[in-house]
Amino acid sequence: MPSPRELKDLEKALNSEVNVVNIRLREGEYQFSLARAIASFELELYYPNVKDLIKKLYGEKRTEDPQFVSKIQTILKKMEKSDIVEILPKEKPWELQRYALSSFKFRDVEKNEIVFATKAEIEKTRELIRSR
């Protein structure tokens with residue numbers, strides 16, 4: 001179960017309007033794939049770390065490649081600076097950083113509107129929160 005702070009952040013993301021960001025979110029690119037994966041985890045009330053994301057998108061083998069993990073962490077850091085993702089505080093110092101979306105709706109630098117959760121998915125997540 002997410003912490004009270006995580007639930008508050010999730011509610012904020014679920015209720016947010018379109019966030020305008022200064023990077024491109026184009027299907028097929030790392031930023032888009034990572035944001036979509038974070039959204040799918042988050043809609044199930046799970047906050048993924050970098051290895052969870054890599055495993056989901058690229059398979060278990062890529063999670064063991066330190067250069068690839070570092071590349072993905074760099075992209076996630078850029079996404080944090082652009083207010084797409086939030087890096088959540090670690091519960092234990094040795095844990096990997098976990099991520100959450102700041103919103104499920106964005107307008108990227110090319111003025112494209114990107115939606116990572118439908119109204120039905122958002123309502124399903126709200127029901128999941130209420131049932132816990």
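Numbering of residues begins at 1 and proceeds along the displayed sequence. A quick note: this is a predicted structure, and the numbers were derived from the prediction, not measured.
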- Query: Has Glu95 got more than 12 heavy atoms of other residues, nucleotides or ligands less than 6.0 Å from its CD?
  - Reply: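 Yes, because the 6.0 Å sphere around CD of Glu95 holds more than 12 heavy atoms from other groups.
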
- Message: Tell me whether the count of non-hydrogen atoms from other residues, nucleotides or ligands lying under 6.0 Å of NZ in Lys56 goes above 12.
- Response: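 It does: Lys56 NZ has more than 12 such atoms within range.
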
Identify whether [X] and [Y] are in the same connected component of the hydrophobic contact network (ILVMFWY, side-chain heavy atoms under 4.5 Å).
X: Val20; Y: Phe116; answer: no
X: Leu96; Y: Ile75; answer: yes
X: Ile38; Y: Leu57; answer: yes
X: Val115; Y: Met79; answer: no
X: Val21; Y: Val109; answer: no

Ignoring hydrogens, what is the shortest heavy-atom contact between [X] and [Y]? Give both atom names and the distance.
X: Phe32; Y: Arg26; value: CB-O, 3.2 Å
X: Pro66; Y: Glu64; value: CD-O, 3.1 Å
X: Arg5; Y: Pro89; value: NH1-CD, 2.8 Å

Quick check for you: to the nearest 0.5 Å, what is the distance between [X] atom [atom1] and [Y] atom [atom2]?
X: Phe41; Y: Leu101; atom1: CZ; atom2: CG; answer: 12.0 Å
X: Asn112; Y: Arg107; atom1: CG; atom2: CZ; answer: 9.5 Å
X: Ser3; Y: Asp9; atom1: OG; atom2: CG; answer: 8.0 Å
X: Ser102; Y: Lys12; atom1: OG; atom2: NZ; answer: 7.5 Å
X: Asn19; Y: Asp108; atom1: CG; atom2: CG; answer: 12.5 Å
X: Asp52; Y: Thr63; atom1: CG; atom2: OG1; answer: 9.5 Å

Less than 4.5 Å apart, any side-chain heavy atom of [X] and any of [Y]?
X: Leu25; Y: Ile84; value: yes
X: Tyr30; Y: Lys71; value: yes
X: Glu113; Y: Phe106; value: no
X: Ile87; Y: Lys77; value: yes

- Task: Going by the salt bridge (charged side-chain N to carboxylate O under 4.0 Å, His left out) test, name the single residue among Lys78, Arg24, Arg36 that passes it with Glu29.
- Result: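 It is Arg24, the one option of Lys78, Arg24, Arg36 that forms the salt bridge (charged side-chain N to carboxylate O under 4.0 Å, His left out) with Glu29.
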
- Message: Holding to salt bridge (Lys or Arg N to Asp or Glu O under 4.0 Å), I want the full list of residues that pass it with Arg98, two or more places apart in sequence or in another chain.
- Response: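 By the salt bridge (Lys or Arg N to Asp or Glu O under 4.0 Å) rule, Arg98 matches Glu6, Glu91.
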
I'd like to know if [X] pairs up with [Y] as an ion pair, taking the criterion as any Lys NZ or Arg NE/NH1/NH2 lying under 4.0 Å from an Asp or Glu carboxylate oxygen.
X: Arg130; Y: Glu123; value: yes
X: Glu11; Y: Lys8; value: no
X: Lys124; Y: Glu127; value: no
X: Asp65; Y: Lys61; value: no

- Quick one: which residue pairs count as a ring-ring contact (aromatic ring centres under 6.0 Å, His included) with a foot in residues 79-103, not counting sequence neighbours?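 Passing the test, one end in residues 79-103: no pairs.
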
- Take Asn15 and Arg126 through the side-chain contact (heavy atoms from CB on, under 4.5 Å) test and state the conclusion after the steps. CA-CA 11 Å; Asn15 295 327; Arg126 286 192 173 115; 2.2 Å; yes

- Message: Once side-chain contact (heavy atoms from CB on, under 4.5 Å) is applied, do any residues pair with Leu45, and if so which ones, sequence neighbours excluded?
- Response: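 For Leu45 the side-chain contact (heavy atoms from CB on, under 4.5 Å) partners, ignoring immediate neighbours, are Pro2, Leu10, Thr125, Leu128, Ile129, Arg132.
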
- Task: Anything under 30° is parallel, anything over 60° is perpendicular, the rest tilted; go ahead and classify Tyr58 against Phe68.
- Result: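 Rings of Tyr58 and Phe68: perpendicular, as their planes differ by over 60°.
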
